Amino acid sequence: MTSPTAAALIARSNRLGADPENTNYAGGNTSAKGTDTDPVTGQPVELLWVKGSGGDLGTLTEQGLAVLRLDRVRALQNVYRGPDREDEMVAAFDYCLHGKGGAAPSIDTAMHALVDAAHVDHLHPDSGIAIATAADGEALTAEIFGGRVAWVPWRRPGFQLGLDIAAIKAENPDAVGCILGGHGITAWGDSSEEAEAHTLWIIETAAAHIAEHGKAEPFGGVRVGFEALPAGERRARAAALAGTIRGIASTDKPMVGHFTDADVVLDFLAAEKAPALAALGTSCPDHFLRTKVKPLLLDLPATATAEEQTARLHELHAAYRADYQAYYDAHASAGSATEPASPAIRGADPLIVLVPGVGMFSYGANKQTARVAGEFYVNAINVMRGAEALSTYSPISDAEKFRIEYWALEEAKLQRMPKPKSHQGRIAFVTGAASGIGKAIATRLAAEGACVVVADLDLDKARAAAAELGGTDVAIGVAADVADAAAVRAALDEAVLAFGGVDLVVNNAGLSLSKPLLETTEADWDLQHDVMAKGSFLVSQAAARILIDQRLGGDIVYISSKNSVFAGPNNIAYSATKADQAHQVRLLAVELGEHGVRVNGINPDGVVRGSGIFASGWGANRAATYGVAEEDLGQYYANRTILKREVVPENVADAVYVLTGPDLSRTTGLHIPVDSGVAAAFLR
């Protein structure tokens, strides 16, 4: 049964976390102190309920809380050996836990436990961090809030920061909270309602002061030539650059991307102060842990050509990597008796790439992480605007950023993350994926961690199929008439703007008309060749441009057919176009191999169950050809195979998974039969 104290805390947390004006995703933490019954002694015991490590306030549940014995946490003051031994205290929290289950205690637990208040909120609002990162933040705090909000100089989160805030609260009995230099805010109250009211008052008061007293143009004037391009033009330029930029961000390890051309980003990139401010980097730990210490900013105007921008991006990337290596080398520790050696460098590529006039590309191990990184940099822009409006933006030093970015506790959190699935970080574009084989392939790839673009002639069905796979961080649906070159390019543009690029293309779209030679019309022939032979060519051609720009290799898979090598009756147009697809596999395997792109094919047979082709009349025609009832066609196909087993869409999906997974990395130009064994279709 949930404690009333915990229930009130969860409700407060959800309200605060639901508003981005209050805090960013997974940012900040909240707590409540109260009593419950100790099941061992039967006596009341004082407890601390606090949001655990890595959780999100807006979606917090009881399982996201850590519950600790308050007396034991406070007793840790007696064994604390100072900031140099800070890491020991997080491990000690495990000995203070009450009961089992729940979340792991976060580094901020001490702040909540040691402050003498029943309810405490620690958040990262843009308005609060703007004051915290202003060069004269302490004076601004006094001016804006009077004696009701105290100033806490920058200190890395941990036990000592908890002691500092506890002491400041004791010394300032009229204070309802504090501004944490370079970091955020903390507020408290005797009741949950009072703590929430104090938190919101600090946030709203800071925002109102910035709005009333801040400079009209805190980022300076507009740089000529760096203004936002028209919407359609900038989206087209973003799509043209996406492959190159994703390749830059994925040099050390594959990344998924996110793109935004929100006004807040475009206005910042057009401003005079943008280069200098971007170079200073972010300040709040929650920001730079997700955005890296600074972004890569393209220094060309929006009027430059895509070719000029691409060449310059590669030059800037080389400089960025050298600069990040120098940052690491300057601050990394070889270790000592009191401090462990710094973790190895985690990669020198940018997570935020800014293109004036176009927008912001952000990257992460998955789509959600990439999207959140972009949201955090928007927070950082808002912080810089507020600080510059009142004063001068002055983030914490690179040395302090490094202490947090490469903190042993941060490294331990990363090591606890689950092992990634086989296709995590990969972006799949599957045609004809709203039903049948294509839908099964999309479902399997999403289950293995891939981001999936469900492309289909029917947009509504594509979106519905994508929705079944999860939210837009997992899959999107796009319209794709594969016989139309412009429509194919538009669909792939949507893919790269949604997820950053494309790694895995499945040419599955198809249809069939079962007719003998003399009944097959020219229109029948053209239709089937347009959709499958020409369609596969157009999709592969458009995707290849992206794959080559990314320099990450990739996979193209053709869902061909047993009929590409087997001469069946009454099937001239379909079988001929499948043979065309089969040879495209061989031709493209040779041509794209130098770019690390593998091209393979799958030859299914008799996939009746769930098949859009069979349901559209093909099944009835084939059943009539073979003299069986339509409902018995699947079993008919199975009976004529060596294994006597029906082939279903999921069997084809399994083959795609194997071909595109890590175990066949040296395989290209291969056709895999998925037909339960049709001797006449054996490849020779």
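Along the sequence shown, residues carry numbers from 1. Remember, it's a predicted structure, so these values are computed and weren't measured experimentally.
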Can you see whether [X] engages [Y] through a side-chain donor-acceptor pair at a distance of less than 3.5 angstrom?
X	Y	answer
E62	T2	yes
D36	S3	no
N29	H112	yes

Main-chain N/O of [Y] paired with [X] side-chain donor or acceptor, under 3.5 Å:
X	Y	answer
N366	T369	yes
E375	N24	no
T109	S106	yes
R246	M255	yes
R12	S31	yes
S283	G182	yes
D503	I427	yes
T291	A373	no
S391	A387	no
H198	W188	yes

Exercise. Between D38 and R69, is a salt bridge (charged side-chain N to carboxylate O under 4.0 Å, His left out) present by the stated rule, with each step listed?
Worked result: CA-CA 10 Å; D38 187 325; R69 286 274 300 260; 3.6 Å; yes

Classify the ring geometry of [X] against [Y]: parallel below 30°, tilted from 30° to 60°, perpendicular beyond 60°.
X	Y	answer
F361	F259	tilted
F402	Y327	perpendicular
H287	F376	perpendicular

Is the charged tip of R385 near the ring of F268: under 6.0 Å from the six-membered ring centre and within 45° of its axis?
-> no

Between the CG atom in L161 and the CD1 atom in I165, the distance rounded to the nearest 0.5 Å is 4.0 Å

**Asked** Between CG of L497 and CG of D261, what distance do you get to the nearest 0.5 Å?
**Response**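 One gets 8.5 Å once the value is rounded to the nearest 0.5 Å.
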
Q.
Working note: H183 + H122, criterion ring pair (Phe, Tyr, Trp, His ring centres under 6.0 Å); need CA distance, chi angles, decisive distance, verdict.
A. CA-CA 10 Å; H183 187 166; H122 166 58; 4.8 Å; yes

**Report entry** For D473, the option from R371, K367, Q368 that meets side-chain hydrogen bond (donor to acceptor under 3.5 Å, both in side chains)
**Finding:**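 That would be R371; it is the only one of R371, K367, Q368 passing the side-chain hydrogen bond (donor to acceptor under 3.5 Å, both in side chains) with D473.
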
Does a salt bridge link [X] with [Y], judged by any charged N lying under 4.0 Å from a carboxylate O?
X	Y	answer
D108	K51	no
K33	D116	no
R156	E400	no
D164	R155	yes

How about W151 and F145: are their ring centroids closer than 6.0 Å? no

